[in-house]
Amino acid sequence: MENKRTILVTGGAGFIGSTLLNHLVIKYPTYTFINVDSLTAVADLDNIDVSESQNYSFVQVDIRDKVALEEIFKTHGITDI
C-alpha cells in the first residue's frame with residue numbers, strides 16, 4: 001500500500017525551506033509537496049531545484065491569509081504540515 005501524503009511547506013522559497021524541499025521532493029516521490037511562500041525580499045524561487053518535479057507545486061500566499069490557506073487545504077487535500 002502506497003503512503004500518499006500531501007505536505008504543506010511554508011516559506012519554501014527561503015534558504016531553509018528550499019533546502020528542505022530540494023531534499024524531500026526527491027526522497028519521497030509518492031508524496032506531494034505544496035510550497036506556500038509570500039515571496040518577501042529574502043525569498044527566491046531560484047533556490048528550488050525541484051520546481052519542475054511532478055510532486056511539487058508552488059502557491060504564492062501569505063500564511064496570514066486565512067481564507068487563502070483554507071482554500072489550499074481544501075483544493076490540495078493537505079495531510080501534513
Side-chain angles (χ1 to χ4, degrees):
M1 182 171 124
E2 230 177 276
N3 188 5
K4 293 296 251 180
R5 298 231 179 257
T6 302
I7 301 170
L8 179 78
V9 176
T10 61
F15 176 76
I16 294 170
S18 62
T19 301
L20 177 72
L21 284 166
N22 288 334
H23 174 75
L24 293 181
V25 168
I26 293 168
K27 184 169 182 170
Y28 298 100
T30 62
Y31 292 8
T32 300
F33 294 89
I34 309 299
N35 175 10
V36 173
D37 199 301
S38 62
L39 295 181
T40 62
V42 297
D44 188 349
L45 289 175
D46 289 336
N47 292 332
I48 303 165
D49 300 330
V50 294
S51 62
E52 298 298 319
S53 296
Q54 294 283 62
N55 61 329
Y56 169 85
S57 294
F58 171 73
V59 182
Q60 184 174 353
V61 167
D62 187 320
I63 62 170
R64 296 174 292 180
D65 185 340
K66 181 182 177 185
V67 173
L69 279 182
E70 287 174 345
E71 185 61 30
I72 290 168
F73 272 78
K74 182 175 141 187
T75 302
H76 295 282
I78 303 297
T79 61
D80 300 277
I81 302 173

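Any value given below was found using the heavy atoms of this structure, including those in side chains, with hydrogens, waters and symmetry copies removed.
With rounding to the nearest 0.5 Å, the separation of CD1 in Ile34 from CD1 in Ile7 is 10.0 Å. Rounding to the nearest 0.5 angstrom, the gap separating the CD1 atom in Ile72 from the OG1 atom in Thr10 is 11.0 Å.
Other members of the cluster containing Val67 do not exist, because no ILVMFWY side chain is joined to it at under 4.5 Å.
Among pairs with a residue in residues 32-52, those fulfilling side-chain hydrogen bond (donor to acceptor under 3.5 Å, both in side chains) read Asn35-Tyr56, at least two apart in sequence or across chains. Within the structure, every pair that satisfies the side-chain hydrogen bond (donor to acceptor under 3.5 Å, both in side chains) test and touches residues 63-81, not counting sequence neighbours, is listed here: Arg5-Asp80, Asp62-Arg64, Glu71-Thr75. Sequence neighbours left out, not one pair with a member in residues 15-24 passes side-chain hydrogen bond (donor to acceptor under 3.5 Å, both in side chains).
Under a hydrophobic clustering in which Ile, Leu, Val, Met, Phe, Trp and Tyr are joined whenever their side-chain heavy atoms come within less than 4.5 Å, directly or via other members, Ile78 and Tyr28 fall into different clusters. Residues Phe73 and Val61 share a hydrophobic cluster, clusters being chains of Ile/Leu/Val/Met/Phe/Trp/Tyr side chains in contact below 4.5 Å.
Ile63 approaches Val36 most closely through the heavy-atom pair CG2-CG1, 4.1 Å. Ala13 and Ile48 make their closest contact through CA-CD1, 4.1 Å (heavy atoms, listed as atom of the first residue, atom of the second, distance).
With sequence neighbours left out, Leu20 forms a side-chain contact (heavy atoms from CB on, under 4.5 Å) with Val9, Leu24. In terms of the ring pair (Phe, Tyr, Trp, His ring centres under 6.0 Å) criterion, Phe15 has no residue partners (sequence neighbours excluded).
Looking at Leu21 and Phe58, their side chains never come closer than 4.5 Å, going by heavy atoms from C-beta outward.
Relative orientation of the Phe33 and Tyr31 rings is tilted, given thresholds of 30° and 60° on the angle between their planes.
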